[in-house]
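For reference, the structure discussed in these notes is given below.
For the numbers below, each heavy atom of this structure counts, side chains included, while hydrogens, waters and symmetry mates do not.
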Amino acid sequence: MAGEAASGSLPVAVIGAGVVGMATARALQRAGRAVVVLDGEAPGRKTSFGNAGFIAIDHVLPLCRPDVLRRVPKMLRDADGPLTIHLPSLIWLLPWMTRFALAARDSEVRKGVDAFGALMETANISWKSEIQASGLGELFRSCGALYVYETEAGFESGARERALQAAKGTAMEIVDGDRARELAPGLAAHIVKGVFYPHGMHTVSPYHVVTALAERFVAEGGRMEKAMVSGFDVAGDRVTAVRTAAGVTPVAAVAICAGRASGDVTRHLRFRAPLVAERGYHVMVEPTNVRFELPVSPAERGFFITPMREGLRLAGTVELGAPDKPPSWRRADLLVKHLKDIFPGVGGAETSRWMGERPSLPDFRPAIGRAPHHRNVYCGYGHQHVGLTLATATGRLIAQMMDGEALPPALAGCDPGRFG
């Protein structure tokens, strides 16, 4: 895709054509800036392709915390758990896991809670604004979302997060198993509790959300280049151009929104982004006997069941690993088994399966802010499994920073330079 720049001035280069990159490009475009998006892949073909589709405004507690740290030995033993480590990646992961352990201190967890609280406050409204601005209405549903529990102990384990959500004003309804089965017909009889989020929203095709953003971006004068970034030209504390195999692009500013590949980009600019692959899987099955319209998450199993345009998507769990390793397809098999346990008789034949590398920093806080050494470089990466949720909020923040606005104080813990 190609188009004309919005003005005669130098463009802002957005590196990354996933959902965060395209949402950022759209926000900058509406702010009146010329924008070029650079990526070696077509829009939405990497991690943004296969997520669970849920706008998770309920997410306020970072994964990096003491109770999760205590589960690491179990993660090493249980390859079928909702949170596990890709064992062939273990040696590569050790430095990252050390940082993870340090970030599980209470003071660091609080930074994550503050940051996610501030980001989630704007996530829903940011998406609704983008849906209207980019004509995405047919791709989204506002049916709420339901988390279900198979044991009372599992339900009680979520008490802290529910308390944090309530303190942030998140609307929720605690329901018994019978009410959960009314909300999601077909749920297994052994479900004992649920939490219904009435304001939950999901997309019926995450991939088409990204391609629709890209199409609207180009239609309104944006420019797309399919090219990998190989370096930068720098003068003093400013980046003046981006280098790719296709040539040199002079720029007014840069936004790094390349997901897991952002670490490769930041090395050219002398700061670190220690991102691992939080490997997420999905399986698509035919929508046989599906009588519910909202995403359902069996919380103790750590995945989502989402009705989508092409069928029923089973997506989630966390497998921490090194980049570019072969998929562990038994994780996808596990999702199918979980569906049969949670929704007996629901879902037909498998139609496809996928694995994507969600970008995760060791403290599980995204990097949002100005880069440490260059005053015209801005960052928006490391969103782990809430990249879809926070894409439009991140884009807005980057656009506001380029206009001279300061970030909210609660996002101080998201400083891109915090890893050196």
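Proximity of P206 to M308: side-chain heavy atoms (C-beta onward) are separated by under 4.5 Å at one or more points. Between P274 and P362 the shortest side-chain heavy-atom distance falls below 4.5 Å. V192 places none of its side-chain heavy atoms less than 4.5 Å from the side chain of F155. Residues L269 and I256 meet the side-chain proximity criterion, which asks for heavy atoms closer than 4.5 Å. Taking the side chain as every heavy atom from C-beta outward, D78 and T84 never approach each other to under 4.5 Å. Y381 is not listed as a side-chain neighbour of V265, based on a closest heavy-atom distance of 4.5 Å or more. Between W96 and S89 there is no side-chain heavy-atom pair separated by less than 4.5 Å. V386 has its side chain out of reach of L119: every pair of non-hydrogen atoms, C-beta onward, lies at least 4.5 Å apart.
F364 does not carry R65 over the face of its six-membered ring by the limits of under 6.0 Å from the centre and within 45° of the normal. With F116 as the aromatic partner, R365 does not meet the cation-pi criteria of under 6.0 angstrom to the ring centre and within 45 degrees of the ring axis.
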*Does the side chain to side chain donor-acceptor pair (under 3.5 Å) test come out yes or no for R331 and T317, once each step is laid out?*
CA-CA 8 Å; R331 302 288 294 173; T317 74; 3.1 Å; yes

*Derivation and outcome, salt bridge (charged side-chain N to carboxylate O under 4.0 Å, His left out), residues R33 and D403*: CA-CA 10 Å; R33 297 180 182 275; D403 283 340; 3.0 Å; yes

_Set out, in order, the CA-CA distance, both residues' side-chain angles and the distance that settles salt bridge (charged side-chain N to carboxylate O under 4.0 Å, His left out) for K337 and D341, then state yes or no._
CA-CA 6 Å; K337 177 184 180 299; D341 291 343; 3.1 Å; yes

*Should R181 and D178 be marked as a salt bridge (charged side-chain N to carboxylate O under 4.0 Å, His left out) after you check the CA-CA gap, both sets of side-chain angles, and the distance that decides it?*
CA-CA 5 Å; R181 283 179 280 276; D178 290 337; 3.1 Å; yes

*Can you list the steps and then say if R110 with D114 is a salt bridge (charged side-chain N to carboxylate O under 4.0 Å, His left out)?*
CA-CA 6 Å; R110 171 50 56 187; D114 291 345; 3.4 Å; yes

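Among R418, K111, R99, the one residue that satisfies the salt bridge (Lys or Arg N to Asp or Glu O under 4.0 Å) test with D363 is R418.
At a cut-off of 3.5 Å, with distance as the only test, no side-chain donor of E225 or T244 sits close to an acceptor on the other residue. For the residue pair S129/R396, the side-chain donor-acceptor check at 3.5 Å is satisfied. Side-chain N/O atoms of H59 and T389 include no donor and acceptor closer than 3.5 Å. In the model, T351 has no side-chain atom that pairs as donor or acceptor with a side-chain atom of E310 under 3.5 Å. In this structure, a donor-acceptor pair under 3.5 Å is present between the side chains of S134 and R26. In the model, E150 has a side-chain atom that pairs as donor or acceptor with a side-chain atom of H190 under 3.5 Å.
Atom NZ of K168 is surrounded by more than 12 heavy atoms from other residues, nucleotides or ligands within 6.0 Å. Atom NZ of K46 is surrounded by 12 or fewer heavy atoms from other residues, nucleotides or ligands within 6.0 Å. More than 12 heavy atoms of other residues, nucleotides or ligands lie within 6.0 Å of NE2 in H373, so this atom counts as buried by the packing criterion. The local environment of CZ in R309 is crowded, with over 12 non-hydrogen atoms from other residues, nucleotides or ligands closer than 6.0 Å. Counting heavy-atom neighbours within 6.0 Å of R45 CZ, excluding the residue itself, gives a total above 12. The number of heavy-atom neighbours closer than 6.0 Å to CE of M172, taken from other residues, nucleotides and ligands shown, is above 12.
Residue V148 comes nearest to A180 through the heavy atom pair CG1-CB, 4.5 Å, listed as atom of the first residue, atom of the second, then distance. The shortest non-hydrogen separation linking G21 to C257 is CA-CB, 3.7 Å. Nearest heavy-atom pair, I91 versus P95, reported as atom, atom and distance to 0.1 Å: O-CD, 3.9 Å.
Between Y147 and F304, the ring planes lie perpendicular to each other; the angle is over 60°, past the 30° to 60° tilted range. Classification of the W354-F49 ring pair by plane angle, with boundaries at 30° and 60°, yields tilted.
Side chain of E350 to main chain of V283: no donor-acceptor pair is present (N/O by atom type, distance under 3.5 Å, no hydrogens or angles).
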